[in-house]
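Structure record follows, encoded as structure tokens.
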Amino acid sequence: MRIAVLGGTGGVGTYFVKKALAAGHEINALVRTPSKLANLPNLTIHKGDVTNSDDINALVEGADLVVSCLGNVKGVLIMEKAANLVLAAAAKQNPMPKCLFVSSIGCGGSSWLIKQILQLINGRTQFADYLRADIRISKETVVPYVLVRPAALKEKPGNGKYRTFKGDGTFARPMAKEDVATFLLDAVTSDQWDNNGGIQLAGRK
């Protein structure tokens, strides 16, 4: 399967690229700094900007699936614009690739408390960009998608387990970034999370 990846040099994205390659998929990754990804078999690295429509169109063209592991960095808002560009590019393809998006707990009504905390930590402007992207994706009616809102992410080895659910994620078990990547890889071949408005994702013992 040909998978287009955004955010492949981030915490979740790096794990996903490695797992997807190990599973035999072909990866095309759009990154700003190509040196951050190792030159591996079946991995094609494209230098570009996730908020540039030409770069996104070129990446998505011919892809069987698109995976966005993007996240805002301080002072830079990319989530809403990238989501719009990815969905627009996917809608032009025939067949349309399924698009997987990583959002954040606190979006989509998943936790009022965590939403307030993240706004205090990262700023209202940053979190508002996540919210707009989350809303845009959750209302998509043409392109097949998966929208996932992980609980607090930890820098620790994963155990290959996770829990998906709807509803309040305030007290959801934190999870390793590697386990988010495991979920994404499972979502590549499963349709159980498709087009359902978004789900919450948490760790599991």
Side-chain angles (χ1 to χ4, degrees), residues 4-8 10-13 16 30 49-51 53 56 59-60 65-91 96-153 162-175 177 179-181 183-184 186-188 190-203:
V5 176
L6 296 86
V12 173
F16 176 78
L30 179 64
D49 185 344
V50 299
T51 62
S53 60
I56 294 294
L59 180 74
V60 173
L65 192 114
V66 182
V67 177
S68 173
C69 302
L70 295 172
N72 282 340
V73 295
K74 190 173 183 180
V76 182
L77 304 179
I78 62 173
M79 299 302 288
E80 181 186 22
K81 188 166 186 179
N84 280 325
L85 291 177
V86 167
L87 291 171
M96 286 182 285
K98 181 165 73 171
C99 297
L100 279 57
F101 295 93
V102 177
S103 183
S104 171
I105 198 76
C107 291
S110 54
S111 173
W112 179 88
L113 178 59
I114 293 178
K115 175 182 175 181
Q116 303 309 311
I117 292 172
L118 291 176
Q119 286 178 329
L120 288 173
I121 294 173
N122 299 318
R124 292 183 178 276
T125 302
Q126 289 268 4
F127 196 76
D129 191 42
Y130 278 91
L131 286 173
R132 291 191 298 269
D134 190 285
I135 291 170
R136 168 65 184 90
I137 298 162
S138 67
K139 292 183 177 180
E140 176 61 31
T141 58
V142 176
V143 177
Y145 73 90
V146 174
L147 175 63
V148 62
R149 308 177 182 107
L153 300 181
Y162 55 80
R163 179 172 69 93
T164 61
F165 62 100
K166 287 274 193 176
D168 190 358
T170 300
F171 302 105
R173 184 181 181 86
M175 64 186 308
K177 293 178 180 180
D179 291 333
V180 180
F183 165 82
L184 292 172
D186 290 344
V188 167
S190 174
D191 62 2
Q192 62 179 302
W193 303 291
D194 292 6
N195 303 86
N196 65 2
I199 57 169
Q200 281 61 272
L201 185 67

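From a predicted model like this one, the values you see are computed outputs, not experimental measurements.
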Does R136 have any salt bridge (Lys or Arg N to Asp or Glu O under 4.0 Å) partners at least two apart in sequence or in another chain, and if so, which?
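Applying salt bridge (Lys or Arg N to Asp or Glu O under 4.0 Å) to R136 gives E140.
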
With sequence neighbours excluded, tell me which residues meet salt bridge (Lys or Arg N to Asp or Glu O under 4.0 Å) with D194.
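Counting only residues at least two positions away or on another chain, D194 forms a salt bridge (Lys or Arg N to Asp or Glu O under 4.0 Å) with K98.
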
Side-chain donor-acceptor pair present, D186, Y162, cut-off under 3.5 Å
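Result is yes, a qualifying pair exists.
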
Measuring only between side-chain heavy atoms, which start at C-beta, is [X] closer than 4.5 Å to [Y]?
X    : Y    : answer
I199 : K166 : yes
R149 : L201 : no
C69  : L184 : yes
F101 : V146 : no
N122 : Y130 : no
I56  : L6   : yes

If I compare all heavy atoms of [X] with all of [Y], which pair ends up nearest, and what's the gap?
X    : Y    : result
S138 : Y145 : O-OH, 3.1 Å
A90  : V143 : CB-CG1, 3.8 Å
L147 : G197 : CD2-O, 4.0 Å

Could you tell me which residues satisfy side chain to side chain donor-acceptor pair (under 3.5 Å) with [X], sequence neighbours excluded, listed by chain and number?
X    : value
S53  : none
S103 : D134
S111 : T170

Rounded to the nearest 0.5 Å, what separates atom [atom1] in [X] from atom [atom2] in [Y]?
X    : Y    : atom1 : atom2 : value
N72  : E80  : CG    : CD    : 10.5 Å
N195 : T141 : CG    : OG1   : 9.5 Å
D168 : S110 : CG    : OG    : 8.0 Å
M79  : L70  : CE    : CG    : 6.0 Å

Checking side-chain contact (heavy atoms from CB on, under 4.5 Å) against K81, which of N84, L85, I78, L77 comes through?
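Passing option: L85.
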
Check step by step if side-chain contact (heavy atoms from CB on, under 4.5 Å) holds for T125 and D129.
CA-CA 7 Å; T125 302; D129 191 42; over 6 Å; no

List the steps and the verdict of side-chain contact (heavy atoms from CB on, under 4.5 Å) for F183 and V102.
CA-CA 11 Å; F183 165 82; V102 177; over 6 Å; no

The criterion is side-chain contact (heavy atoms from CB on, under 4.5 Å); which residues satisfy it with L131, sequence neighbours excluded?
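Only C107, K115, F127 meet the side-chain contact (heavy atoms from CB on, under 4.5 Å) criterion with L131.
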
Backbone N/O of G167 and side chain of Q200: donor-acceptor pair under 3.5 Å
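Checking the backbone N and O of G167 against the side chain of Q200, a donor-acceptor pair under 3.5 Å is found.
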
Is a donor on one side and an acceptor on the other found under 3.5 Å between the side chain of S104 and the backbone of G106?
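Checked: no pair found.
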
